[in-house]
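In what follows, every heavy atom counts, from backbone to side chain, and hydrogens, waters and symmetry copies are set aside. Just so it is clear: chains get the letters A, B, ... in the order the sequence lines come, proteins before strands, and each one is counted from 1. Since we're looking at a predicted model, the values are computed, not measured.
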Amino acid sequence: MEVDKNGEIDSDSSEQVVNPWEVSAKDGGKIDYDKLIDKFGCQRLDESLIDRVERLTSRQPHVFLRRGVFFAHRDFNEILDAYEKGDKFYLYTGRGPSSEALHLGHLIPFMFTKYLQEAFKVPLVIQLTDDEKCMWKNLSVEESQRLARENAKDIIACGFDITKTFIFSDFDYVGGAFYKNMVKVAKCVTLNKAMGIFGFSGEDHIGKLSFPPVQAVPSFPSSFPHLFPGKDNLRCLIPCAIDQDPYFRMTRDVAPRLGYSKPSLIESTFFPALQGENGKMSASDPNSAIYVTDTAKDIKNKINRYAFSGGQDSIEKHREIGANLEVDIPIKYLSFFLEDDSELEHIKKEYGEGRMLTGEVKKRLTEVLTEMVERHRRARAAVTDEMVDAFMSVRPLPSMFD
Amino acid sequence: MGFSKIELLDRLQELEIDYSKYEHPPVLTVEAQAKYVSSNEGALSKNLFLKDKKNRYYIVSAMVDTKVDMKVLSQRLGLGKGGIRMAPEEALGQLLQVSLGCVTPFAVINESARDVSLLLDKNFKNQTRCIFHPLSNDVSISLNTSGLDKFLQSIGRDPVYVDLEANPGVGKDQPPDLAVYVPSGSVVIPELPNKTSSTQPKNVSAEIKPALPAKPSKPVDKGKSVAATSVQSVYKNPEKFVEEILDKTSALLLSEAKGESMETLTETQRKRLTSELTHLAIMYKNTAYAEGFYAGTKYQPYRQ
């Protein structure tokens, strides 16, 4: 299945597949992001936009922007235009709580969203789609709700400001104004269209068919009357991984028909598995990713044993031709998480030209990741159940733009 | 009141932990214990109750043959060379609620020991059974480490096994490998001999509990690990918060400079420190808000 500009599905299995439930590259190769942008019809996030962000926020752009992790967008420039004029926006992101074990890839959108919240000083809603996981992963209602709360703790540990953040689980929150918007959206999307966009078939249960509006309506401020009363024109920016694009293509299509503004998107690439771009990060293979519960020892082990190296087979060969940076996972991971641009450049140069060995690169990566995971763990230990309750309460946020 | 040996053994039975019990006259040393409990029953343990200069406490439980070098241990914990010593007898009674000769991993069942860090010899794991005192030195029990782990997990603790004989060296490229096991909460032993209210460690938490009087022992099965409650207290208590800030600042300032010039050094360090401290501050703010929020939910308006 793949999705083209009209949002319809072609069945051309030799092409790459990117949708909310499946991501695979063509012929076991790498994901072609240029092709993806073209197919989806979104835009590249270029230097000028990044510079603009730096100017407007008076701080260095987040490492994910500088390194092209968040690389595509829809109407992000409009958000910036409005911001420059003094019109604020709010952020919307989410997580499908399918498991308790979060890995670093899961944290990426949250780390970026936290930066956006701090840099632009705007509020944030975080949706935990426990209903979705209950339906797709066949979990019990109780289990998906429990996982939602557990995941909420990891999310909170990323450092969101409680005076500007509302976390909600679908099972708890759907109803009232939120549901009214869901029905409005649902009325605008035919069964055929939904089947085209999401690949549903006659075999799928009706729960799945009726889910997309749930993920769509947090883009509309009127879904949160306790947060944005009377602010129906407040814009929404959605940081997400690019596989979520179909939901929001549908939302943007429907919005004008409901008299709402279209949400803007800022989209990220996929985080590679330890075994390489062609590998899949899977919950069943704990060695395919670094988990936030991994100990320093685990991290060191996993990096040393499983991280796919672009280094050459022998030291002599390596010193002669250098490493293949394109496929080297430690370099890729460092480009996500090593803050210092000049240090990364130095490592890439030395390693690519054969003067630095794989072991050194892996050692540095282990340091960086261990520090990150340790920091996350400490922050998570500080999250109490009361704090989760507070984040998830329906309450006003009077200082949300301060 | 601390747990009694009967209560502990009942608890082990409830948890369906398999153990064997040996009663004998009270023993104060491993040599004496060895006279009554043969090595066929399991590996005897030596148990040390230690304290560092910042009033943090540790139980180190090891195989009798394992050599525990206090200097090395102190360094691996990040306490410098002479940072750790045997804890005073009063602490035994106040924190572990056991008497002399009874130090045992099981003492952490007591709420008063919640900030005590427990380090277990990794060599225990190779043994079929290991022998400990169940809070009293006139009984010994032998059990497999899986039983001990099950017990620890049931009170919200993660079992920590350490290679006590390792000496990995501590230096600028090698941070103290056991530093993560240093408790975040320090304990000041009050002078009052009375057991109930005085076993409440004073500096650990300024937690507001609306409607409930300060109870001396919280229910043990709350499911929070010791590390978690201690970390939380950093964000509830301004003094600990400031201490954490100063610790982080000095750690950063003392770390390797990598040969950069003074100017860029300050710049990079400043950036890192800003990011670290902002993160701390957000957690502090969130904690304060959450506590206020909770208080608000329990708020009782004045009766007319």
Side-chain angles (χ1 to χ4, degrees), chain A residues 59-60 62-63 111 114-115 117-119 153 155-165 167 293 295-297 300 339-343 346 360 363-364 367-368 370-399 402, chain B residues 158 160-163 173-175 177-180 184 205 207-210 222-236 241 244 248 251 255-256 258 260 264 267-268 271-272 274-276 278-298:
Chain A
R59 63 175 75 190
Q60 193 191 26
H62 192 267
V63 60
M111 290 163 72
K114 178 213 142 114
Y115 149 79
Q117 180 177 67
E118 260 178 33
K153 290 185 186 167
I155 293 173
I156 292 172
C158 293
F160 292 107
D161 185 332
I162 200 173
T163 61
K164 297 175 161 160
T165 308
I167 302 180
T293 42
T295 61
K297 204 170 172 188
K300 184 167 171 190
E339 284 277 343
D340 190 339
D341 289 337
S342 48
E343 189 185 346
H346 174 82
E360 279 181 75
K363 181 159 177 265
R364 184 69 183 112
E367 276 170 22
V368 170
T370 305
E371 199 189 309
M372 228 175 84
V373 166
E374 203 24 55
R375 199 213 229 189
H376 182 91
R377 235 215 310 286
R378 275 191 71 90
R380 196 198 194 279
V383 177
T384 59
D385 281 307
E386 287 79 23
M387 200 187 284
V388 175
D389 290 336
F391 263 97
M392 294 183 73
S393 302
V394 175
R395 73 213 186 274
L397 299 176
S399 20
D402 293 350
Chain B
D158 275 325
V160 176
Y161 289 89
V162 170
D163 181 354
D173 288 325
Q174 192 124 25
D177 68 315
L178 300 181
V180 60
S184 307
S205 162
E207 204 169 341
I208 307 164
K209 282 262 181 252
K222 221 172 177 199
K224 282 193 198 155
S225 73
V226 168
T229 21
S230 310
V231 167
Q232 283 162 18
S233 63
V234 166
Y235 300 107
K236 291 182 182 178
F241 185 60
E244 182 81 1
K248 285 226 150 45
S255 66
E256 249 273 83
K258 287 200 182 129
E260 290 167 35
T264 40
E267 191 51 51
T268 328
K271 256 199 341 200
R272 275 188 66 191
T274 309
S275 147
E276 281 285 324
T278 312
H279 204 93
L280 280 188
I282 294 244
M283 285 312 298
Y284 192 76
K285 181 177 175 182
N286 287 352
T287 306
Y289 181 108
E291 292 201 312
F293 192 82
Y294 182 77
T297 62
K298 302 282 184 247

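When heavy atoms are compared at a cutoff of 4.5 Å, B:T278 approaches chain A solely by way of its side chain, counted from C-beta outward. With a 4.5 angstrom heavy-atom cutoff, A:F391 touches chain B only via side-chain atoms. If you measure heavy-atom distances from A:R395 to chain B, the contacts under 4.5 Å come from the side chain alone. For chain B, no part of A:A296 is nearby; none of its heavy atoms comes within less than 4.5 Å.
Residues A:E367 and A:R364 are paired through a salt bridge, judged by an N-O separation under 4.0 Å between the basic side chain and the carboxylate. A salt bridge is absent between A:E118 and A:K164; no separation between the charged side-chain nitrogens and carboxylate oxygens falls under 4.0 Å.
Under a 3.5 Å cut-off, the side chain of A:T384 and the backbone N or O of A:M387 do form a donor-acceptor pair. In this structure, A:R380 contributes its side chain and A:K153 its backbone to no donor-acceptor pair below 3.5 Å.
The number of heavy-atom neighbours closer than 6.0 Å to NZ of A:K300, taken from other residues, nucleotides and ligands shown, is 12 or below.
Here A:T163 is the residue among A:I156, A:T163, A:D389, A:V383 with the most heavy-atom pairs under 4.5 Å with chain B. Looking only at heavy-atom pairs under 4.5 Å with chain B, the residue among A:R375, A:Q60, A:E374 that has the most is A:R375.
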